[in-house]
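All values below come from the heavy atoms of this structure, side chains included, with hydrogens, waters and symmetry mates left out. Counting convention: from 1, in listed order, for ligands and their atoms alike.
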Amino acid sequence: MRAIRRGDTGPAVHEIRSILVGLDLLDAPADLYDDATETAVRAFQQSRGIGVDGVVDAETWQALDGARWTLGDRTLFHSVPAALAGEDVRALQERLMEMGYDTGRTDGIYGARTARAVAQFQREVGLTPDGSCGPHTMHALRRLGRKVVGGRPQWLREAEAFRQSGPNLMGKTIVIDPGHGGPSDLGVVVPDGPLRWTEADLAFDLAARLEGRLAAAGMRVHLTRGPAPAEPMTGAQRAELANNLGADLLISLHLDGHDNPAADGVATYHYGTGNGLTSTVGERLANLVQREIVVRTGMRDCRIHAKTWELLRLTRMPAVRVDFGYLTSPVERDRLVNPLFREQLVEAILAAVQRMYYPVEQDVPTGSIDVRKLRMVLAQS
Ligand SMILES: [Zn+2]
């Protein structure tokens with residue numbers, strides 16, 4: 001094509017200006033290639049790494065032409081020998097890169113490597129891995145949105161399976177895992193006059209309260225152990241039990257202890273290696289649980305952490321472990337041994353579980369769910 005530059009007029013200029021308007025680089029389309037148009041072309045060239053001369057030659061035209069496409073406008077595929085190119089391809093490559101797929105350079109060209117990355121993504125979310133990006137693949141990408149970043153593709157499947165299970169608590173299976181248990185595994189033990197408080201007993205009490213509340217909300221609830229098991233259970237045994245039940249969620253309940261009586265606060269753990277590989281759904285549940293507890297009780301926020309513990313690693317559903325404060329802190333112990341306070345903790349968990357199943361866009365502020373009204377709302381939905 002003939003290069004188009006400042007001073008030119010005509011339909012070609014009109015088209016160039018229209019594209020620049022679409023890119024927010026220019027105010028209005030017109031037939032004259034004026035100073036403002038040249039400035040816009042220069043800005044465009046700079047953003048695309050093309051030689052900045054303010055002239056629309058073949059290379060600049062090709063880039064402008066590609067810039068008309070936004071992701072989702074057309075089906076993308078690996079076309080041979082003339083590869084599809086455009087802003088939509090670049091946007092797709094960036095999205096895939098964010099999610100941990102190798103698309104090579106984000107050059108806006110739908111080559112073999114991009115097609116391979118798309119096929120891998122499709123396989124992970126359960127679509128036919130044909131390597132082309134049509135409406136179904138776009139739909140899956142949009143749904144996962146920006147929630148899934150920097151993770152390993154296998155977690156996409158977990159996120160997708162969770163989403164497909166629907167927004168209602170009714171009929172979902174949740175496993176509550178009271179930590180420790182049995183005469184040889186009491187967890188943290190703190191004497192109190194002639195009595196003693198044990199982590200195993202308090203964890204079971206919390207589990208039993210939670211069981212009642214979750215069942216009332218329509219969930220199928222299973223506890224991993226009774227109040228006084230004969231034998232201690234390993235993390236692997238607890239995970240296996242939850243896997244065999246096909247549970248949708250698992251929440252493990254613990255209390256903490258420390259030699260220093262000043263140590264206090266609540267912490268929540270989800271599966272992850274700490275170097276970026278993480279269960280995104282588990283992390284979300286951990287976040288919700290942690291924030292609901294902190295907001296509702298004012299306990300010190302010891303944050304959420306990624307761990308590779310057996311229970312978190314071997315479970316095939318989103319799983320978290322909560323350490324509800326330090327039994328060794330006199331202040332926190334006073335609260336923990338109060339059934340009313342434990343009821344507050346249970347309400348926080350219930351709110352977090354409910355929020356897990358709200359679509360992200362319908363989520364509500366932390367601490368705002370009145371769990372007493374939950375059942376009523378559920379009955380109406
Ligand atoms: Zn424990």
Within a distance under 2.8 Å of the Zn ion (ligand 1), the protein atoms of type N, O or S are H180 NE2, E199 OE2, H254 ND1

Atom of [X], atom of [Y] and distance for their closest heavy-atom approach:
X: P318; Y: V281; result: CG-CG1, 3.4 Å
X: L253; Y: A203; result: O-CB, 3.5 Å
X: T70; Y: D88; result: C-CB, 3.5 Å

Could you tell me whether the side chain of R213 reaches within less than 4.5 Å of the side chain of E347, counting heavy atoms only?
-> yes

Indicate the ring-plane relationship of H180 and H254, choosing parallel, tilted or perpendicular according to the 30° and 60° boundaries.
-> perpendicular

Do D264 and S329 have a side chain donor and acceptor closer than 3.5 Å?
-> no

